[in-house]
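Contents: one structure, followed by commentary.
Computed over heavy atoms, backbone and side chain alike; hydrogens, waters and symmetry mates excluded.
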Amino acid sequence: MTDFTIRVDQNKYLPAGSQEVHGIITVEASGPVERAAVAEAAEVIIIDTSGSMSYGKIADARKAAQAAVDTLRDGVYFAVISGNHQAEVIYPGDGRLGPVNAQSRHAAKEAISRLRAEGGTAMGRWLRRASDLFSAHQVTHPGAIRHAILLTDGKNEHEPAPEFDANLTYCSGKFTCDCRGVGTDWVVAEVRRIGSTLLGSVMDVRRPEELEADFRAMTEAAMGKTVADVALRVWIPRAASLNFVKQVSPALEDLTGRRTDVDALTGDYPTGAWGGESREYHVSVRVPGGNIGQEMRAGLVKLVVPATGEVLASGNILAQWSDDPVQSTRINPRVAHYTGQQELASLIQEGLQARNDGDVETATARLGKARGIAEKAGNEETAKLLDKVIDVDPESGTARLKRVVDKADEIALDTRSVRTVRMRKDPEN
């Protein structure tokens, strides 16, 4: 089993009457690399083959899918789906996942080489087909780590919104999915919703020729997972209430609405599969105001495997009321850092929406403020992307929207707005 640790960063001291408690929960997983090599895994590769992919993209998509097949470990079960307004399993084609070996790799790559671009786009149907494959496989391989890759270049134009909603609900909790958008005609919010629902990443790929390396990297990461279906279990006292549970690193994801009740005081929040990696979560609890000197446990956070109840790690969120202003007014640096990262993402998305709506004043204010936060936080990538949308006067700090912005730069800024950076220096070191 992979080794997990939990660390809680917070300032537990509160002024008299204060009720808000915040903690940054750092979860680290480690273990020998060979453990990943024996973990049961199932992989589905979903390639957009709608008509729009014919414009210089389908050839690179074929290469990317073949690279992913080459990267799969022997013994992993897999399938390849061709998606347009329908979903066709082009390999293995018998309604089940097939095991990876030399023969199946060759056959799958041959099938991929015959992919052609035609038809419409209905991503929810592709995902439902993948979900059915995973569900059938789970009957005989219940502990397998289930992961999909989805590539698209366009809008979900051939699937009514209610059907898309139903398909996402159908797939939720059954597998994780990393999504990639190539080109400039896909809708970030739409693909982000898929990634969010299925606990996967969403990234832009500016040039089709970059797909092959990206698919290889995604598949390698998936092959490195060792534990499936892990949850963050949060307990709070009876008189308290939970404000939110959010993943804040490596990307922002609000898990509050994804709760599964364990009992009246305890809930599980899904985190998906884990390999050797580190993630951080922001937990906020509202507690009854206490008296000076009083101390309480405001929350207990555990990392668990819900299917077995196994506890992998745990940590406490504390509260203690103090009349020392130095203690009680200090904001924990990690809490402050990730609160700023959440504000940064909101400012970028609001600013880009205002820009698209023609509201120059709001767009300038939001994006200009975002640029300052990004620089202060050491988020150099986001700062550089913002520089492609706004100009900032180095003397006055005044921001101005650029008149002409490359659509690919706008998509990159939107897509990566939820990617966060760690603190420049760990305050504990």
Working for side chain to side chain contact (heavy atoms under 4.5 Å, CB included), residues Leu151 and Ile45: CA-CA 8 Å; Leu151 171 69; Ile45 302 163; over 6 Å; no
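- Between His22 and Gln10 there is no side-chain heavy-atom pair separated by less than 4.5 Å.
- Between Ala67 and Glu212, the shortest heavy-atom distance links the atoms CB-CG, 3.7 Å.
- Within 6.0 Å of CD1 in Ile331 there are 12 or fewer heavy atoms belonging to other residues, nucleotides or ligands.
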Pair Lys225-Glu277, side chain to side chain contact (heavy atoms under 4.5 Å, CB included): steps then yes or no: CA-CA 9 Å; Lys225 302 296 183 183; Glu277 59 191 294; 2.7 Å; yes
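- Judged by distance alone, the side chain of Arg73 and the main-chain N or O of Ala39 form a donor-acceptor pair under 3.5 Å.
- Taking 4.0 Å as the cut-off between side-chain N and carboxylate O, Glu410 and Arg355 count as a salt-bridged pair.
- Side-chain contact, Asp153 with Ser52: a donor N or O sits under 3.5 Å from an acceptor N or O.
- More than 12 heavy atoms of other shown residues, nucleotides or ligands fall within 6.0 angstrom of atom NZ in Lys402.
- A side-chain donor-acceptor contact under 3.5 Å links Ser82 and Thr49.
- Residue-environment remark: CZ (Arg96) stays at or below the threshold of 12 foreign heavy atoms within 6.0 Å.
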Candidate pair Ser278 and Arg422, rule side chain to side chain contact (heavy atoms under 4.5 Å, CB included), full reasoning: CA-CA 11 Å; Ser278 176; Arg422 296 291 181 92; 2.9 Å; yes
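- With respect to the salt-bridge test (charged N to carboxylate O, under 4.0 angstrom), the residues Glu253 and Arg192 do not qualify.
- Between the CG atom in Asn167 and the CD atom in Glu159 there is a gap of 5.0 Å [rounded to 0.5 Å].
- Asn332 and Tyr338 share no donor-acceptor pair across their side chains, judged by distance under 3.5 Å alone.
- Not one N or O on the side chain of Asp357 forms a donor-acceptor pair closer than 3.5 Å with the backbone of Asp359.
- Rounded to the nearest 0.5 Å, atoms CG (Leu413) and CD (Gln349) are 9.0 Å apart.
- Asp204 contributes no side-chain N or O that, together with a main-chain N or O of Arg206, makes up a donor-acceptor pair within less than 3.5 Å.
- The aromatic rings of His282 and Phe244 lie perpendicular to each other, with more than 60° between the two planes, well past the 30° mark.
- Of the inter-residue distances, the one linking Leu252 atom CG with Gln342 atom CD reads 6.0 Å to the nearest 0.5 angstrom.
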Phe215/Ile47 under side chain to side chain contact (heavy atoms under 4.5 Å, CB included): CA gap, chis, key distance, verdict: CA-CA 11 Å; Phe215 266 51; Ile47 301 298; 3.7 Å; yes
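- Enclosure of atom CZ in Arg400 is not indicated, since only 12 or fewer non-hydrogen atoms of other residues, nucleotides or ligands lie within 6.0 angstrom.
- In this model, a donor atom of one side chain and an acceptor atom of the other lie less than 3.5 Å apart for Asp178 and Ser201.
- The closest side-chain heavy-atom distance from Gln294 to Gln320 is not below 4.5 Å.
- Distance CG/Leu401 to OG1/Thr364: 3.5 Å, rounded to 0.5 Å.
- Among all heavy-atom pairs drawn from Val230 and Thr271, the shortest one is O-OG1, 2.7 Å.
- Looking at Ile81, Thr152, Asn84 one by one, the single match for side-chain contact (heavy atoms from CB on, under 4.5 Å) with Asp48 turns out to be Thr152.
- Between Arg146 and Asp229 there is a side-chain heavy-atom pair separated by less than 4.5 Å.
- Of the N and O atoms on the side chains of Thr256 and Asp254, at least one donor lies less than 3.5 Å from an acceptor on the other residue.
- Salt-bridge formation is not detected for the pair Arg258/Asp268: no Lys NZ or Arg NE/NH1/NH2 atom is positioned less than 4.0 Å from an Asp or Glu carboxylate oxygen.
- The pair Arg259-Asp261 counts as a salt bridge, with a side-chain nitrogen and a carboxylate oxygen less than 4.0 angstrom apart.
- Ion pairing of Glu220 with Arg216 is absent here, as no side-chain N (NZ or NE/NH1/NH2) approaches a carboxylate O to less than 4.0 Å.
- Look at Glu295 and Lys12 and you find a salt bridge, because one of the NZ, NE, NH1 or NH2 atoms lies within 4.0 Å of a carboxylate O, short of that distance.
- Residues Asp165 and Arg193 are in side-chain contact: their nearest non-hydrogen atoms beyond the backbone lie under 4.5 Å apart.
- Note: Trp274 and Phe4 have perpendicular aromatic rings, judged against thresholds of 30 and 60 degrees for the angle between ring planes.
- For the pair Ile149 and Met218, the tightest heavy-atom approach, listed with the atom from each and the gap, is CG2-CE, 3.7 Å.
- With respect to Arg371 and Asp391, no salt bridge is recorded, no charged nitrogen being found less than 4.0 Å from a carboxylate O.
- Atom CD1 of Ile25 sits about 11.0 Å away from atom CG of Leu303, to the nearest 0.5 Å.
- Between the side chain of Arg279 and the backbone N or O of Gln247, no donor-acceptor pair lies under 3.5 Å.
- In this structure, Lys246 places its NZ atom where more than 12 heavy-atom neighbours from other residues, nucleotides or ligands lie under 6.0 Å away.
- For Glu190 (side chain) and Asn156 (main-chain N/O), a donor-acceptor pair under 3.5 Å exists by modelled atom type.
- Interatomic distance, Trp186 CH2 to Met123 CE, rounded to the nearest 0.5 Å: 9.5 Å.
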